[in-house]
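Quick notes on the structure that follows.
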Amino acid sequence: MRDRTRYLYLAVIAAVLLGIVVGFIWPDVGKELKPLGTGFVSLIKMVIGPIIFCTIVLGIGSVRQAAKVGKVGGLALGYFLVMSTVALLIGLVVGNVIHPGAGLQLTETAKQAAATEAAKGAGSSTVDFLLGIIPDTLVSALTAGSVLQALLVALLSGFAIQAMGAKGAPLLRGVEHFQRLVFRVLAMIMWVAPVGAFGAIAAVVGATGIEALKSLGIIMVAFYITCLVFVGAVLGPMLWLIARINLWSLLRYLGREFLLILSTSSSETALPRLIAKMEHLGVSKTVAGITVPTGYSFNLDGTAIYLTMATLFIASATGSPLEFGEQVALLLFMMVASKGAAGVTGAGLATLAGGLQAHRPDLVDGVGLIVGIDRFMSEARALTNFAGNAVATVLIGTWTGEFDRERAGQVLAGQAPFDEATLLDEDEQPEPEPGDRAMSPV
């Protein structure tokens, strides 16, 4: 009875396969099903702000020393910068070795598609990004759908409650109950995941078709392989050397979240569950609450690899190869421009087009070559970003002494299963109400 949700995720797999069939056989029908996928992602986004707020407020409010929070944030940002640079370099190496894009020709349709994406990506600057972190009101941060706005308000509220001392205890208890409510709502939303997965996959297959995949298979395969190499050869050894955790055990533990991302192409759909699962694994509330939301905006390993390889692909396809110095300068700009775009399907493509428009306008038309397959590459970006943030949370927890390795061993061995009904470890909540015990699965 405890793990009835295994049937839910079997249904998600079946829905994905059915969506592929519908998209290939009845493409027009598949495209009309897109609102199903959009609706499901919107339902998930609806609870992300409140979950981030509750998690961080509880994590910071219960910590005696504010310096600990600053240490976690500083370590996280430093780690994100290093790993994004490593991902960029790996993408550069692979792109310069295989020279993807050679032999392709631009069409007028591709040029028009490229112009549309360039318009999307050219309207923001670093100043706009920084000002966008500040919400209109204290409450609007929880409703605007911005991860960074919710993070800012949660940090301020957490520190305020911390400064209140004993007087802040009732507020913490109220936030704790609200967190239980939000996670219950999320657990209910997850039961429509098969419907969302079916609509999302049917729509993209119906709109793309198989011909685009055939002609652009090389860049897709190379990109997927590069992401796998980064996860297996960079993240895996680091996780083992620092935290003594096996990468594949961790990824298996997060298998349901990967399935969600694969079916929606958005890592944001799994953000609330990642926070809950990291806490269940043995990472403290403070570390999980700060590292995961921040990583979603600043730890974009998959996006860095994508921007690198897509840029080299376009330069090769248009017969305008970039010098190594040009490659580095352009990609560093794109990495900065991409911050805050995680979880939004297609944001990587708009960032790519906007960056080329600003630095090499002659290459913008080449973006049209990958518009058709960007949805499939978006899945690899999202999966890699998600894996990178999961590993980062464990590593930051280890470095700060906020990770229970013994607890992690029990969880990864299946001895302490994750509660899919509440997404919380109810038995670890202080002084639960009698009604809560009755509602918890046995």
Side-chain angles (χ1 to χ4, degrees), residues 13 16-17 19-21 23-24 86-107 110 113-114 117 200-201 203-236 247-248 251 255 258-259 261-267 300-319 321-322 327 331 334 345-349 351-353 363 366-388:
I13 295 173
V16 169
L17 296 176
I20 293 173
V21 172
F24 276 138
V86 171
L88 183 149
L89 292 175
I90 290 177
L92 276 179
V93 171
V94 174
N96 281 288
V97 168
I98 66 173
H99 299 292
L104 292 179
Q105 294 184 346
L106 282 170
T107 64
E117 293 300 330
I201 292 296
V204 70
V205 174
T208 305
I210 197 169
E211 294 303 318
L213 305 185
K214 288 181 179 178
S215 62
L216 297 166
I218 294 178
I219 181 64
M220 283 182 59
V221 171
F223 178 57
Y224 270 79
I225 291 176
T226 305
C227 289
L228 286 173
V229 169
F230 174 78
V231 173
V234 177
L235 298 182
L247 173 68
W248 306 116
L251 298 186
F258 281 111
L259 180 58
I261 295 170
L262 188 64
S263 60
T264 61
S265 286
S266 173
S267 58
L300 309 178
D301 301 328
T303 303
I305 295 172
Y306 166 80
L307 292 175
T308 305
M309 297 189 66
T311 299
L312 297 180
F313 169 81
I314 291 169
S316 177
T318 57
L322 298 169
Q327 295 176 17
L331 293 167
M334 288 185 183
T345 302
L349 188 64
T351 300
L352 172 67
L363 296 180
V367 174
L369 288 169
I370 61 173
V371 169
I373 62 165
D374 180 73
R375 177 59 161 73
F376 294 92
M377 297 178 75
S378 177
E379 293 172 349
R381 287 200 303 267
L383 291 169
T384 306
N385 289 341
F386 183 80

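None of these values were measured; they are calculated from a predicted model.
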Between Ile261 and Ala382 the two heavy atoms that sit nearest each other are CG2-CB, 3.4 Å

So OG1 of Thr308 and CG of Leu92: to nearest 0.5 Å the spacing works out to 5.0 Å

To the nearest 0.5 Å, what is the distance between CZ (Phe230) and CD1 (Ile90)? 6.0 Å

If I take atom CZ from residue Arg381 and atom OH from residue Tyr306, how far apart are they, to the nearest 0.5 angstrom? 5.0 Å

When rounded to the nearest 0.5 Å, the distance separating CG of Leu259 from CG of Leu383 is 10.0 Å

Closest non-hydrogen atom pair, Ala304 against Ala87: CB-CB, 4.0 Å

To the closest 0.5 Å, what do you measure between CG (Leu235) and CG (Asp301)? 6.0 Å

Might you point out which heavy atoms bring Gly236 and Leu247 nearest each other, and give the distance in Å? CA-CD2, 3.6 Å

Is there side-chain contact between Leu262 and Val16, with at least one heavy-atom pair below 4.5 Å? no

Minimum heavy-atom separation for Ala387 to Phe258, with atom names? CB-CZ, 4.0 Å

Whether the side chain of Asn385 engages the backbone of Gly302 through a donor-acceptor N/O pair (distance < 3.5 Å, no angle test) should be reported. yes

Could you tell me the separation between the CG atom of Leu228 and the OG1 atom of Thr384, rounded to the nearest 0.5 Å? 7.5 Å

